[in-house]
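Structure first, then comments.
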Amino acid sequence: MAANLTIALAGNPNVGKSTIFNCLTGARQHVGNWPGKTVEKKEGVTDIAGQNLVVVDLPGIYSLNAFSPEEVITRDFILNEKPDVVVAVADASNLERSLYLVVQLLELKVPLVLALNMGDIAQARGIAIDPASISAQLGNIPVVETVSKHGAGIDALKQTVHQLVATPQSTIPVPVDYGEPVEAEITALQTLIEADPTLDQRYDARWLAVKLLEAEEDILAYLEAAGQRRLLDAAREAMQRIKAASGDDSETLIADRRYRFIGQALNGAVTRPSSALETGSDRIDRIITHRVWGLPIFILLMWVVFQFTANVSAPLLDWVDGVVGGPVTRWATAIFGALGLGGSWVESLAVDGVFAGVGGVLVFVPVLFFLYLAIAILEDSGYMARAAFIMDDFMRTLGLHGKSFLPLLVGFGCTVPAIYATRTLENDEDRRLTAFLTTFISCGARLPVYVLFGAAFFGAKAGVFVFSMYLAGGAAAVATGFILKSTVFKNKSVPPFIMEMPAYRAPTLKGVLLYVWKHTSQFLRKATTVILAASVVLWFLTAVPAGATLEQSLFGIISKALAPVFAPAGFDSWEATGALVTGFVAKEVIVSTLGQVYLGGDDAPAAETPTLGEDLAEIARSLGEAVVLTVQETINIVPRTVNVIPGVSAPEADFFGAGEADAEDTTELEAALNRTFTPLSAVAFGVFVVLYVPCMAAVAAIRQEFGARWALYQVTYSLGVAWLVAVVVYQGGRLLGLG
Amino acid sequence: MNLRRRVHEHIHRVPPHSIGGIVSLARVPPGQTVNLVHIHGGHRLRKRLADLGLNVGMPVRVIQNPGFGPMILGVKCDSRLALGRGMAEKIQVEHPQI
Ligand SMILES: Nc1nc2c(ncn2[C@@H]2O[C@H](COP(=O)(O)OP(=O)(O)OP(=O)(O)O)[C@@H](O)[C@H]2O)c(=O)[nH]1
Ligand SMILES: [Mg+2]
């Protein structure tokens with residue numbers, strides 16, 4: 001027996017496989033209410049009766065006929081890796097469709113456990129299911145009811161898997177009767193297959209015969225390559241005979257019989273109220289996906305998301321900034337002083353390098369927290385699929401279809417998963433084009449840059465600035481779509497739009513927090529690894545040669561050499577150029593670099609040194625204030641949104657009577673930026689940041705998915721576009737007299 | 001099977017849209033349930049649709065059909081499928097016999 005038994009989770013998209021995986025292994029796989037979240041196989045370990053089993057979470061598939069790359073992953077895993085147990089996860093509230101795949105798995109004769117998930121939703125719709133009856137109809141496979149969202153039924157599932165592993169059942173009787181003339185042809189092909197030991201050992205003969213009659217492309221290609229001409233010819237003739245005899249294609253007949261088989265199996269096992277033709281989701285959809293209202297609602301939602309990230313997060317951001325820049329830096333200096341290292345290079349590395357760099361980025365944790373919170377709610381509610389639906393027409397003008405919109409939405413969080421999310425698209429050209437466009441969608445890492453510049457130059461209008469940056473990224477994506485569509489992908493046809501619309505669900509606290517935690521902690525990890533390393537390297541570059549001023553340092557020299565390139569765009573200061581160069585690593589590094597070059601050098605004048613107690617009291621007090629302000633800003637989303645309508649001016653909540661921006665103190669960094677940038681050059685800089693190469697990780701992801709050449713195109717193109725647009729913005733602005 | 005064959009021959013003789021009783025799915029108003037009789041398209045597409053519950057001989061409920069852009073269908077009672085209009089035009093349906 002193999003050292004480690006493997007359990008694979010297979011099922012339709014969005015039935016809760018990853019949720020079950022998380023329950024079994026304690027992992028934190030991404031779940032969300034739209035089809036196609038999991039795009040690669042993930043392994044974990046679960047403990048069943050003291051035995052360690054490997055659990056594999058797979059991308060969702062509708063049948064063993066694979067269409068898109070992520071479906072191929074699942075199909076190949078089940079066919080080739082031959083897991084010891086396959087847990088077929090079905091959606092109890094959508095059982096008939098779910099079982100289509102299960103029947104195919106049965107035919108494959110893999111050891112199978114059927115998990116009927118989402119029992120709570122079925123129940124809420126008044127659908128009653130008799131698992132024992134289903135089991136009896138499907139050749140006595142074990143059936144377990146689960147509600148994975150609440151962890152219910154997981155123990156029973158483990159128990160069942162354990163039993164199946166301990167006492168493996170012999171092959172399950174073939175369930176589906178395909179009727180004449182198909183059955184006769186299956187038998188004939190089966191005889192041919194059984195006569196060939198190379199095939200007979202690898203595949204179940206009947207299963208392969210059925211696949212041949214279904215004209216399953218990959219199987220045909222495989223047999224072609226294996227030199228099985230005779231078998232393929234026999235299959236082709238059989239299909240022709242079937243068509244002649246029945247008037248229907250064999251694959252249509254096969255699918256028909258499978259569905260009939262399922263209908264019979266469920267007959268008596270499932271009872272449902274007769275009236276429930278229209279569900280609550282359908283009623284919501286009448287508004288959300290309305291041909292006229294759909295788009296405005298979508299734009300409104302996006303606007304609220306940006307308000308949420310840019311304004312609601314501001315009070316907490318100020319708080320973190322105050323704590324890191326004030327007390328924490330002071331304490332560190334005090335400690336270095338006490339250790340006798342005051343004024344040494346160690347202190348400089350820590351304070352000017354690490355604190356200014358990493359600290360400058362950590363300040364933005366609240367911003368990202370709110371961004372991810374908003375995305376998580378959108379994902380978990382079921383809105384994502386609707387966005388794809390609403391945007392289908394528009395995406396078509398770019399030579400893509402609605403489904404391509406999902407990776408773009410994922411891109412608002414992070415470009416790297418967005419590039420992988422293109423795996424749900426069926427053809428390679430669509431994937432390349434979509435991945436190319438995702439790089440222009442402004443990700444969470446770019447947000448700190450706009451927030452910083454927005455606060456420094458636009459005060460209360462910072463939200464508008466931030467929103468414009470997102471629009472600039474979106475516009476670049478659209479323009480690029482047009483250009484590529486009419487050049488590189490001129491002959492590409494737009495595939496038909498077919499997508500399942502999951503039922504709306506109230507987002508779960510657990511699901512949302514999981515998503516937020518996963519992404520925010522990723523950011524924190526990046527801060528303590530990549531950004532820390534970049535800060536240290538940068539500190540060295542700014543400290544060499546010894547005794548030189550920042551401008552004469554290695555960093556200054558390199559930056560100065562490159563700076564003239566940006567003269568037409570209005571930000572040719574060597575500081576800005578240096579920040580952009582370091583931004584290749586990750587866009588957050590732009591902020592940390594600016595922090596280091598502008599603040600690292602000068603020692604903050606410590607006017608009066610508060611005691612530790614005073615510091616702590618102040619931190620607590622300002623935290624309380626920040627929390628209250630966060631609530632205030634959340635409430636203010638409403639008047640701010642209403643006020644966009646010309647002529648309307650709803651009052652905003654103002655708990656402390658601070659009366660807006662004038663009470664807001666500008667941070668040191670903001671003041672420093674004001675000395676080197678004008679508002680116009682700040683806009684040009686922002687635009688450049690949105691558009692140029694997202695980061696090393698994204699380039700690596702493109703290379704992995706589409707090859708080095710495509711990655712190189714992306715880098716070259718995005719640099720070109722970024723430069724061009726920044727120049728146009730700056731020069732255009734000057735012509736309009738905005739400089 | 002006999003009926004279906006008759007339908008097939010019918011469709012191949014007469015251009016789509018113009019047959020009494022048989023129309024393209026794209027023209028079915030919301031709220032109606034119809035039976036699928038033919039799909040114009042290659043193997044791949046037909047198989048994909050069959051996987052999702054749209055196979056010849058099966059009932060489909062039109063949930064949303066605004067007259068342009070994609071539509072929403074109810075398939076197999078509980079599943080909701082969004083389908084592009086171009087696609088829907090290639091699917092021939094008829095009202096179920098009562
Ligand atoms: N009501 C309810 N919701 C559930 C249950 N199990 C999972 N969900 C929710 O269903 C959605 C989909 O769950 P996932 O685990 O991401 O589904 P998946 O099968 O991995 O989906 P793909 O990776 O896209 O194939 C999430 O929003 C879950 O919170 C359940 O038993 N009841
Ligand atoms: Mg998943």
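Every chain is numbered from 1 and lettered A, B, ... according to where its sequence line falls, protein lines coming before strand lines.
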Handout entry: Phe405(A) ring center within less than 6.0 Å of Phe298(A) ring center
Key = yes
Practice task
Would you confirm whether Asp249(A), through its side chain, and Thr252(A), through its main-chain N or O, come within 3.5 Å as a donor-acceptor pair?
Solution key: no
Practice task
May I ask you to decide if the ring planes of Trp293(A) and His290(A) are parallel, tilted or perpendicular, using 30° and 60° as cut-offs?
Solution key: tilted
Exercise for the section: Under 4.5 Å heavy-atom distance to chain A, tell me which part of Leu45(B) shows up: side chain, backbone, both or neither. Expected result: side chain
Problem - Side chain, backbone, both or neither of Leu81(B) within contact of chain A (heavy atoms, under 4.5 Å) - result: both
Exercise for the section: Step by step, work out the salt bridge (Lys or Arg N to Asp or Glu O under 4.0 Å) result for Glu216(A) and Arg75(A). Expected result: CA-CA 12 Å; Glu216(A) 159 71 47; Arg75(A) 208 259 331 263; 3.3 Å; yes
Fill in the blank from the handout: Max heavy-atom pairs within cutoff under 4.5 Å with chain B, candidates Asp393(A), Asp282(A), Ile262(A), Asp392(A), goes to Asp282(A)
Handout entry: Gln32(B) side chain to His95(B) side chain, donor-acceptor N/O pair below 3.5 angstrom
Key = yes
Problem - Structural part of Arg61(B) lying under 4.5 Å from a heavy atom of chain A - result: side chain
Exercise for the section: Among Arg85(B), Arg44(B), His43(B), Met87(B), single out the residue with the greatest number of heavy-atom pairs under 4.5 Å to chain A. Expected result: Arg44(B)
Completion exercise
All heavy atoms of Lys47(B) vs all of Ala215(A), minimum pair found to be NZ-O, 3.0 Å
Completion exercise
CG of Leu64(A) to CG of Leu108(A), rounded to nearest 0.5 Å, is 6.0 Å
Problem - Proximity breakdown for Asp51(B) and chain A, heavy-atom pairs closer than 4.5 Å - result: both
Handout entry: Contacting moiety of Asp285(A), where chain B heavy atoms sit under 4.5 Å
Key = both
Problem - Steps toward salt bridge (Lys or Arg N to Asp or Glu O under 4.0 Å) verdict (Lys403(A), Asp430(A)) - result: CA-CA 10 Å; Lys403(A) 231 174 171 180; Asp430(A) 274 354; over 6 Å; no
Problem - Side chain, backbone, both or neither of Asn94(A) within contact of chain B (heavy atoms, under 4.5 Å) - result: both
Problem - Contacting region of Arg48(B) [heavy-atom separation from chain A under 4.5 Å] - result: both
Completion exercise
Looking only at Leu52(B), Ile39(B), Ile72(B), Ile63(B), most heavy-atom pairs under 4.5 Å shared with chain A are made by Leu52(B)
Exercise for the section: Identify which part of Thr289(A) has an atom lying under 4.5 Å from any heavy atom of chain B, answering side chain, backbone, both or neither. Expected result: both
Practice task
Please look at Tyr100(A) and chain B and tell me whether the side chain, the backbone, both or neither of the residue comes under 4.5 angstrom of a heavy atom of that chain.
Solution key: side chain
Exercise for the section: Side chain from CB out, backbone as N, CA, C, O: work out which of these in Leu49(B) comes under 4.5 Å of a heavy atom of chain A, or both, or neither. Expected result: side chain
Practice task
Give a yes or no on whether the backbone of Ile61(A) and the side-chain of Asn12(A) come within a donor-acceptor separation of less than 3.5 Å.
Solution key: yes
